[in-house]
There are 2 protein chains.
Amino acid sequence: MSRVLIVEDEERIASFVRKGLTASGFTATVVGTGSEAVDYAVTGGFDLMLLDLGLPDTDGFDVLRRVRALGVDIPVVILTARDGVRDTVTGLETGADDYVTKPFRFEELLARVRLRMRTERPGALTVLEAGGLSLDLRTRRVAVDGTATDLTAREFALLELLMRHPGQVLTRQQMLSHVWGYDHDPGSNVVDVFVRTLRRKVGQERITTVRGMGYRLDG
Amino acid sequence: MSRVLIVEDEERIASFVRKGLTASGFTATVVGTGSEAVDYAVTGGFDLMLLDLGLPDTDGFDVLRRVRALGVDIPVVILTARDGVRDTVTGLETGADDYVTKPFRFEELLARVRLRMRTERPGALTVLEAGGLSLDLRTRRVAVDGTATDLTAREFALLELLMRHPGQVLTRQQMLSHVWGYDHDPGSNVVDVFVRTLRRKVGQERITTVRGMGYRLDG
DNA sequence: TGCGAAGATGAAGGAAGCCTCATCCTCGTT
DNA sequence: AACGAGGATGAGGCTTCCTTCATCTTCGCA
């Protein structure tokens, strides 16, 4: 089990990331300050650090620098504001491995984490299969009972999420945060709409509605 | 040097593919009939076969079957019409490794060829660098002098092409067929327009106009 | 230096994708 | 059977991207 150290002071985001990573099979620990971050990172046992640059007590770069100076060379993925583009450069120069700009969709973050996690086995999963559906993550192609079909980016992301949890009910909220991001309007019915178009494209019967709960892809 | 066997009877497409592959560092041989295809494939020396399904003398599947039956297990990438979706399934079942639907852009084909070519070294090139520009093919991110910038899909494809040939003049025709596809209107000035927006985003001075010839990215 | 071809540029049309909203339908409960 | 909440659906608006077109500018040669 891979362990991720989340360095983030904003409660909402920290929780969003922690829940998501946990659900994806990682063990996640959250710390909210720079000094804690250095402590935890050095104490060890983590396979990757997610580092928010906007910490209250310290400059995020400083954390990164100190961690590196102490000889810890786990992969570090930086979380930064969309407009702080300059930061990412400094970050990468300072020794970060990748960055994700806020606001981000969870899947985006997850992709980075998986990509940079050095313990990731090389022959990673690239094709998802479930109930006659086949989804190639590398080529982004989808087949329904062997027949190719076209999905838009959002549709693909949603179907991927469903296919990563076949037979399991996912709530609208889960889908919203995974596919649309943590700051998306919770009152929206986007999910419903996209489930509809997905049903049209991959077959009505494959996605079951669980009233009051959410949707389930039948594997 | 990797060798590609192109099985295609349409002169225009065969030429388009051959030129492109040659320019990309492959050695390409074209044959126009199924029986030739089997001959050449079996005679050996090829690292990959590009197989058009619409051959005059034989069914493309038959070629594939015979080649496989004769113990040749080089990667085979099928070329098929957009609507012959059913074909791709049969193709994959019959032993093809991938497929590209017509009409295709050359870059699309190239990506498949590179992907399926088994001799491809594992630590393949994922970041192109030239003259202060850095282009990450895997994450699709671009940096200009270290500052991240956003490119659309077309812009990215065009810049990628230019960066694969730094310091070298590319004609509009070359860019058209690589980025837009072989059946694109040759009288269009799309390339000009995209060069303009690229210049805006990555810096006017990086792309030089060579009057009467085309454009060059200065490395 | 002037002319014509080649290139640069701005604007606008059109398509695709994304999302919201209003309305209609259906299920489960009373 | 009727009602209300939850879900399904269609239409429309907004945005982004792609492409074309018309016009202006620049280059190189006569």
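Convention: sequence-line order gives letters A, B, ...; per-chain numbering from 1. Since we're looking at a predicted model, the values are computed, not measured. Below, all heavy atoms of this structure are taken into account, side chains as well, without hydrogens, waters or symmetry copies.
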* Structure fact -> Those residues at least two apart in sequence (or on a different chain) that pass side-chain contact (heavy atoms from CB on, under 4.5 Å) with Asp62(B) are Thr58(B), Asp59(B), Arg65(B), Arg66(B)
* Structure fact -> note: Asp150(A), atom CG; dA15(C), atom P; distance rounded to Å ~ 18 Å
* Structure fact -> Here the distance between atom P of dT9(D) and atom CD1 of Ile207(A), to the nearest Å, is 12 Å
* Set of ring pair (Phe, Tyr, Trp, His ring centres under 6.0 Å) partners for Tyr182(A), sequence neighbours left out -> Phe16(A), Phe104(A)
* Integer-rounded Å distance: dT9(D) P and Arg199(A) CZ -> 7 Å
* Asked: Taking NZ, NE, NH1 and NH2 as the nitrogens, is one of them in Asp97(A) or Arg116(A) under 4.0 Å from a carboxylate oxygen of the other?
  -> no
* With sequence neighbours excluded, tell me which residues meet ring pair (Phe, Tyr, Trp, His ring centres under 6.0 Å) with Phe156(A). => none
* Asked: Looking at DNA chain C, which of residues 151-158 of chain A put a heavy atom within less than 4.0 Å of it?
  -> Thr152(A), Ala153(A), Arg154(A)
* **Atom-pair distance (CG on Asp192(A); P on dC19(C)), nearest Å** => 13 Å
* **Sequence neighbours excluded, every pair satisfying side-chain hydrogen bond (donor to acceptor under 3.5 Å, both in side chains) that has a member inside residues 10-19 of chain B** => none
* Report yes if a side-chain nitrogen or oxygen of Arg172(A) is closer than 4.0 Å to either non-bridging phosphate oxygen (OP1 or OP2) of dG7(D); otherwise report no. => yes
* To do: Scan residues 197-219 of chain B for pairs that pass ring pair (Phe, Tyr, Trp, His ring centres under 6.0 Å), counting only residues two or more places apart or in two chains.
  => none
* Calculate the interatomic distance between Phe194(A) atom CZ and dC19(C) atom C1'; express it in whole Å. => 7 Å
* Comparing Tyr215(B) and Ser188(A) on DNA chain C - which has the more 5′ nearest nucleotide -> Tyr215(B)
* Asked: Taking for each residue the nucleotide of DNA chain C with the nearest heavy atom, is it Thr209(B) or Trp180(A) whose nucleotide lies nearer the 5' end?
  -> Thr209(B)
Sort me out a list of protein N/O and nucleotides 28-30 of chain D N/O pairs below 3.5 Å, or just none if empty.
none

* For Arg216(B), which residues count as a side-chain hydrogen bond (donor to acceptor under 3.5 Å, both in side chains) partner, sequence neighbours excluded? -> Asp218(B)
* To do: Could you list the residues that satisfy side-chain contact (heavy atoms from CB on, under 4.5 Å) with Glu129(B), not counting sequence neighbours?
  => Val127(B), Ser134(B)
